[in-house]
Number of protein chains: 2
Amino acid sequence: MSELKKVKPALSKGTRDFLPVEVAKRNYIFEIIKSVFRKYGFEEIETPAIERMETLTGKYGDEGDKLLFKILNSGDFLKDVPKEDLAAANSPAALKHIAEKGLRYDLTVPLARYVVQHQDSLAFPFRRFHIGPVWRADRPQKGRYQEFYQCDADVIGSESLLNEVELTMIYAEVFKRLGVDVIIRFNHRKVIEALIAVINKPEFAEVIISCIDKIDKAPWEKIEVELHEAGLTKAETDAIYSSIVSNADNLWMDDGIKTNPSGEVAFNELSTFLKAINNSIPNLAYDGRLVRGLNYYTGVIWEVVLDKNSSANSNITMGSLGGGGRYDNLTEMFGAKNMSGVGISFGIERIYDVMEELNLFPPTISQGVQVLFVPREKEMEAFAFQQAQILRNKGIGAEVFLGNVKKQKQFKYLEDKKIAYVVEVGDNEQTSEKFRLRNTQTRDTQDGLSIQDIVAIMLQ
Amino acid sequence: MSELKKVKPALSKGTRDFLPVEVAKRNYIFEIIKSVFRKYGFEEIETPAIERMETLTGKYGDEGDKLLFKILNSGDFLKDVPKEDLAAANSPAALKHIAEKGLRYDLTVPLARYVVQHQDSLAFPFRRFHIGPVWRADRPQKGRYQEFYQCDADVIGSESLLNEVELTMIYAEVFKRLGVDVIIRFNHRKVIEALIAVINKPEFAEVIISCIDKIDKAPWEKIEVELHEAGLTKAETDAIYSSIVSNADNLWMDDGIKTNPSGEVAFNELSTFLKAINNSIPNLAYDGRLVRGLNYYTGVIWEVVLDKNSSANSNITMGSLGGGGRYDNLTEMFGAKNMSGVGISFGIERIYDVMEELNLFPPTISQGVQVLFVPREKEMEAFAFQQAQILRNKGIGAEVFLGNVKKQKQFKYLEDKKIAYVVEVGDNEQTSEKFRLRNTQTRDTQDGLSIQDIVAIMLQ
């Protein structure tokens, strides 16, 4: 490699390296989530980063298609592009000849493909979780990356509302164990359907849904203008306001919605859902304004947000930390008969940022080995190594400092790697086989210990 | 999504989905390796899948450059390609204008970039491990994928040979815990350097190294012909034969090599290495034929192979399960002063295949929750759910079967998810709150248990 051109070490924009302490903190979050998923019978799966463009295209709207990362075909990638498209530098026309593969954009479309492709090998209802990176060619900005993790749990092939109950319980338990005070907001997509039916404007469904979705972010006056400009009358926007906005935390809805067939389904399902939860989740709250995007969901929906009434959260602003819902048409896109599904996701990257900001990671999180042996001179390295090996053979994490013997470097090493105990090894120790054990936190020392004494202390 | 074009569910070639049982088995291997790495003070890092082409290009030879997956620039990707290159459909010339990013090809070049980029934040000697996917546009075949995992541990910034000793210990402990009988072969690259110096043919270094590298795969007669054709004399090939091939397991080398300055370094380092190991690794074996490729390594090198003398392995053929060595110029390519490094890697995919073939995964590996509650009718679902919740609140994994009530489906579910106990919930159970607990393996049952009895049994 000696003739290599030297390049500046730099990341591709919108991507990140993780330092050891960051990986430890991320793993802490993952492990809590995984253990709760497993307790509820969810199993982990994995799908490849690379999918066929055919699998990815058309699933995320035109904007999503643009944000897909496409992988250049291997070899002579221009050879199948029609001459006239090359001459015109027509990128859109050339695309399908130049890139057959792309990077996954989420974990949901791969799940749909997976369930259809492996349906004969899976146990249904299929309860799976999947944690892994996805890629989007979004403009990077603070908190938004081109490569980031998603974390999803879904149940495929069961219509029972107890799945919704379980997923709500999972949300509650995970955030409790992480120490993040949240509100779990929920609604039912058929409440919105009923509202549209009641005001009898099905042709305005999209704009109504999109406007309700914005209620959190803009004043009602502004949204009302948008609805009027789209063509709704004052009476109709008033109906939306009284049903959804002014009444957002009233689950029992106004009678118009409740007596509409869709509203009745929503009402009955939400009643069943709440009965099974039986007030066991204090931070669960109905929110009639909750929509979760234009398409896709058909039943109960969730969104998890920071509890602004919690004093811990008073100085922090953050978008939703999770969301999900029931959907009826996941597998249709891959030609299979429809299987009802319901799922939740955790916004891992935001949860990390919140926990970092609120200092919620346990201080021991990136603790390294238990004991560091520091040879005073190079000549004591082999003896120090033998001592470390005695600990390791008992299952105790141990290291020998094999670097620069400057004291300052050794202290930095101890501190950076959060090692609990240190033992210096010099001539005296090598001769007497007695050691001084120093606790790096309390600075307490114990003298005259044999290596077996140290083993015993570590195994206490 | 209703207007979606239906597509056949299919993987991109050379990629894989993993079923839950496969993920569980892979995690079993990862967890053993990680726990040993951690015991020796190695910390986990992560780097992005996407790297700049500048970072990747030129590091893996011309052949490697061809195997890099390149990511098409976003938007109008043809706009910066010179007109004449488009007109000529000149893919190689167009490449640099069309793709600025690629997928990482291994974990080593990203490590070099990472160490240089973050050197002020890292504790040196930097002991890191990294487990993650890499991508190569190789022709897929049995056991060779375009997306596959690598698993590396390296120490950067320490020249002590005790690092080599520790890495050898890690190899020995991991394979012992996995239950795979292996031989850990080792050599020193300076043995080969000395050989080339002794026959005084530095201009033949590449062909000699490449030929020695093939000794395992081809008969010596054939390799000798290749060396003669390259221009070596019979006396020279005889010297190679007597030093390296006939004498391959004799660490103490012939005097010619040992008295050469490079040979002397190798001899001294290997002596120090073996003294510190002190015969504690019975399956460690010197192999003078070991080379590990053309470039890169400069000191001790390893390769882990199945022990063909182990009866367990008698019916299985598999390439190396791991390899590594010391290198001196990792960080130079990113313009930093050289830091010596030494590392090993585990061939995760092959280890998996071997363990599968030899049936080495524990039968409990993909065990799901402890107890499955099966409601006899839909009406008992909510009651069954309450019972499951009591178990979960005690930290016990539990599920309610919320699918199709056909007995056959329920049995398949129990079996597929390897659930240890099953409790049916019908009218009687709902009324009496007494249950029959059935062990799905032994088929033993216990009758008349309260849910608290079941909790107690599970916590035993």
Side-chain angles (χ1 to χ4, degrees), chain A residues 1 4 6-7 9 12 15 17-20 23 39 41 43-48 50-52 54 58 69-72 74 76-78 86 89 91 99 101 113-114 116-117 121 123-125 137 147 158 160 162 276 295 329 333-335 368-369 381-382 385 392 397 399 402-403 413 416-417, chain B residues 1 4 6-7 9 12 15 17-20 23 39 41 43-48 50-52 54 58 69-72 74 76-78 86 89 91 99 101 113-114 116-117 121 123-125 137 147 158 160 162-163 276 295 333-335 368-369 381-382 385 392 397 399 402-403 413 416-417:
Chain A
M1 294 196 180
L4 278 181
K6 285 174 187 168
V7 298
S12 178
T15 69
D17 285 330
F18 296 106
L19 294 172
V23 172
K39 197 169 79 170
E43 298 181 303
E44 188 171 3
I45 69 160
E46 206 177 313
T47 69
I50 296 178
E51 292 274 2
R52 299 166 67 200
E54 208 186 18
F69 277 115
K70 291 107 183 164
I71 294 171
L72 201 56
S74 293
D76 185 4
F77 51 86
L78 290 178
L86 285 181
S91 297
K101 292 186 271 277
R113 180 191 55 67
Y114 182 100
V116 177
Q117 198 172 333
S121 312
F124 287 95
E147 175 172 339
S158 167
S160 169
L162 289 173
N295 279 300
N329 51 1
M333 59 178 121
F334 293 102
V369 295
E381 281 186 357
F385 167 79
R392 290 165 178 156
E399 266 193 74
L402 297 173
Y413 193 83
D416 282 4
K417 297 190 81 171
Chain B
M1 293 195 181
L4 279 180
K6 286 174 186 166
V7 297
S12 177
T15 69
D17 285 329
F18 296 106
L19 294 172
V23 172
K39 196 168 79 170
E43 298 182 302
E44 188 170 5
I45 69 160
E46 206 176 313
T47 69
I50 295 178
E51 294 274 1
R52 300 166 69 200
E54 208 185 19
F69 278 115
K70 291 108 184 165
I71 294 171
L72 202 55
S74 294
D76 185 3
F77 50 86
L78 291 178
L86 285 181
S91 297
K101 293 186 270 280
R113 179 192 55 66
Y114 183 101
V116 177
Q117 198 171 333
S121 312
F124 287 95
E147 175 172 338
S158 168
S160 170
L162 288 173
N163 295 295
N295 279 301
M333 58 179 122
F334 294 103
V369 295
E381 280 185 358
F385 166 79
R392 289 164 178 157
E399 265 193 74
L402 297 172
Y413 193 82
D416 281 4
K417 295 190 81 172

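So that the names make sense, note that chain A is the first sequence line, chain B the second, and so on, each numbered from 1.
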Exercise. When you look at A/Phe334 and B/Val7, which way does the side chain to side chain contact (heavy atoms under 4.5 Å, CB included) test go after all the steps?
Worked result: CA-CA 5 Å; A/Phe334 293 102; B/Val7 297; 3.3 Å; yes
Could you tell me which of [options] has the largest number of non-hydrogen atom pairs under 4.5 Å with chain B?
options                              : result
A/Leu19, A/Leu162, A/Leu402, A/Leu86 : A/Leu402
A/Glu51, A/Lys70, A/Arg113           : A/Arg113
A/Glu399, A/Glu381, A/Gln117         : A/Gln117
A/Thr15, A/Leu78, A/Ile71            : A/Leu78
A/Gly41, A/Ser160, A/Ser91           : A/Ser91

Exercise. What part of A/Ser74 is in contact with chain B, defined as an atom under 4.5 angstrom from a non-hydrogen atom: side chain, backbone, both or neither?
Worked result: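 Side chain only.
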For this session: Answer with side chain, backbone, both or neither: which region of A/Phe77 has an atom nearer than 4.5 Å to a non-hydrogen atom of chain B?
Result: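 Both backbone and side chain.
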Exercise. B/Thr47 and B/Tyr114: which non-hydrogen atoms are nearest, and at how many Å?
Worked result: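 Minimum heavy-atom separation between B/Thr47 and B/Tyr114: CG2-CD1, 3.8 Å.
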Just by distance, do the side chain of [X] and the backbone of [Y] share a donor-acceptor pair under 3.5 Å?
X        : Y        : answer
A/Lys417 : B/Ala123 : no
A/Lys101 : B/Ser12  : no
B/Lys39  : A/Arg392 : yes
A/Ser158 : A/Pro125 : no

Counting heavy-atom pairs under 4.5 Å with chain A, which one of [options] comes out on top?
options                               : result
B/Glu46, B/Arg52, B/Glu43             : B/Glu46
B/Phe124, B/Phe69, B/Tyr413           : B/Tyr413
B/Gly368, B/Gly397, B/Ala276, B/Ala99 : B/Gly397

